[in-house]
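For reference, the structure is listed below as structure tokens.
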Protein chains: 2
Amino acid sequence: MRKSSRHGDPAYDFPVEPDEVDWKLIGLLQEDGRMTFVELGRRVSLSAPAVTERVRRLEQAGVITGYRAVVDQRRLGLPIEAVVRVKVRSLDTPRFRERVVVLPQVVDADHVSGEDCWLLRVVCRSTGDLEGFVEEAQRYGDTTTSLVFSSPVRNRAVGRGMVEG
Amino acid sequence: MRKSSRHGDPAYDFPVEPDEVDWKLIGLLQEDGRMTFVELGRRVSLSAPAVTERVRRLEQAGVITGYRAVVDQRRLGLPIEAVVRVKVRSLDTPRFRERVVVLPQVVDADHVSGEDCWLLRVVCRSTGDLEGFVEEAQRYGDTTTSLVFSSPVRNRAVGRGMVEG
DNA sequence: CGTGAAAGGACGGATGT
DNA sequence: ACATCCGTCCTTTCACG
């Protein structure tokens, strides 16, 4: 793995160039974030210390930013999931960030181009809870709310085939 | 942790009722999916075998569905991220699932209520790549594409406070 | 960058309260 | 439901190619 060093681009000497083995490790750890280094080594035909160093390097390069348990909110009393698009007036954006984006129901918040400049994914215990959230968001701009029926793809792994091949 | 057994609801005897310790474990593993059972035990003042059994139970109950490394696509040559909303004609939905939802650029696909019945989060190497994707999606319905500028919240941890408190 | 060996730690099953 | 014990496996460091 090597940085594409455009001679001293200061703090952002990126992207990074993983080799075939790095891509395999990235793929394996996206599938099972708790896989041991010994097992990773078996999968890529390297010793445990070798993969350990590769993974540490990927972490320090900011390619792997962390490891997370994936949780099913429906089994935790949070059956309602929705995407709320908000057309926030630009003067209200700082307050929107401070008062809406930070609410615990918000599991994803994206600032995007286009009319609806914010896209919030929220999880709630009830439609009443969702109603309260949307009313709060309404104070900062027009909203459009879509209930999530199902999510056939969720956090699909990023793979080598997407960048070349 | 106990199931809210509505007497024999067959495969979906859910949701589950985690106790305080379970919630702590869920929180810790969402923050660091590779935390060892010994360390988890230290954090919740239990022995390693005790937390191991709790975590196994949470996994088998479908509360924790997996563990994933979180990857920064921008550092892997995929700097373009967008959300594409698609108003798919209902007769075309099966083909849309087979030919668009499965494309590797799609990292999230949600079937939602409202006019734009599909919401796709895609990552691409270039705007040209995105253009190609959107053209493919266009074949199944009208699309609205928003470039993601930034994502102040990404996969925020689900916590106890959201379900009661 | 890679391997192999050795020490310390974590894991997983059995057992007892 | 939890703690302790213990054998095995994993992690980490280091000397070396």
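Within every chain, numbering begins at 1; the chains are lettered A, B, ... in the order of the sequence lines, protein sequences first and strands thereafter. A quick note: this is a predicted structure, and the numbers were derived from the prediction, not measured.
Within 4.0 Å (heavy atoms only), A:Val38 reaches at least one base atom of the nucleic acid.
Atom C1' of nucleotide C:dC1 and atom CZ of A:Arg54 are separated by 8 Å, given to the nearest angstrom. The CG-P distance, from B:Asp22 to D:dA1, rounds to 9 Å in whole Å. Between the CE atom of B:Met35 and the P atom of C:dC11 there is a distance of 12 Å, rounded to whole Å. Residue A:Glu53 contributes atom CD, which lies 15 Å from atom P of D:dA15 at whole-angstrom precision. Distance, B:Glu39 CD to C:dG9 P: 13 Å, rounded to whole Å. Here the C1' atom of nucleotide C:dG2 and the CZ atom of A:Arg57 are 11 Å apart, to the nearest Å. Summarising the geometry, the separation between CG on A:Leu46 and P on D:dC10 is reported as 16 Å, rounded to the nearest angstrom. Straight-line distance from the CG atom of A:Asp19 to the P atom of C:dC1: 9 Å, rounded to whole Å.
Remark: B:Asp110 does not engage B:Arg85 in a salt bridge, criterion side-chain N to carboxylate O under 4.0 Å. A salt bridge links B:Arg56 with B:Glu59: the distance from a Lys NZ or Arg NE/NH1/NH2 to an Asp or Glu carboxylate oxygen falls below 4.0 Å. Using a 4.0 Å cut-off between a side-chain N of Lys or Arg and a carboxylate O of Asp or Glu, B:Arg160 and B:Glu20 qualify as a salt bridge.
Base-pairing analysis of DNA chain D finds the following stems of at least three consecutive Watson-Crick or G-U pairs, with both pairing distances under 3.5 Å: C:2-17 with D:1-16.
Partners of A:Thr143 under the side chain to side chain donor-acceptor pair (under 3.5 Å) rule, at least two apart in sequence or in another chain, are A:Gln138. When the salt bridge (Lys or Arg N to Asp or Glu O under 4.0 Å) test is applied to B:Glu31, no partner is found at least two apart in sequence or on another chain. Under the salt bridge (Lys or Arg N to Asp or Glu O under 4.0 Å) criterion, B:Asp108 pairs with A:Arg154, B:Arg121, not counting sequence neighbours.
Side-chain N/O atoms of B:Arg42 include one lying less than 4.0 angstrom from OP1 or OP2 on C:dA10. Within the structure, every side-chain polar atom (N or O) of B:Arg34 is placed at least 4.0 Å from both OP1 and OP2 of C:dA10.
Listed by first and then second residue, the salt bridge (Lys or Arg N to Asp or Glu O under 4.0 Å) pairs involving residues 33-50 of chain B are B:Glu39-B:Arg42, B:Glu39-B:Arg43 (not counting sequence neighbours).
Closest approach to the B:Ser47 side chain among D:dT4, C:dA10, D:dT12 is made by D:dT4 (side chain taken as heavy atoms from C-beta onward). Residue B:Ala50 places its side chain closer to D:dA3 than to any other of C:dC1, D:dA3, C:dT3.
The aromatic rings of B:Phe96 and B:Tyr140 stand perpendicular to each other, their planes meeting at an angle above 60°, with 30° marking the opposite boundary.
Heavy-atom neighbours of B:Glu136 CD from other residues, nucleotides or ligands within 6.0 Å: above the threshold of 12.
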Any N/O pairs under 3.5 Å between the protein and nucleotides 12-17 of chain C? List them or say none.
| residue | atom | partner | partner atom | Å |
| --- | --- | --- | --- | --- |
| C:dG12 | OP2 | B:Arg56 | NH2 | 3.1 |

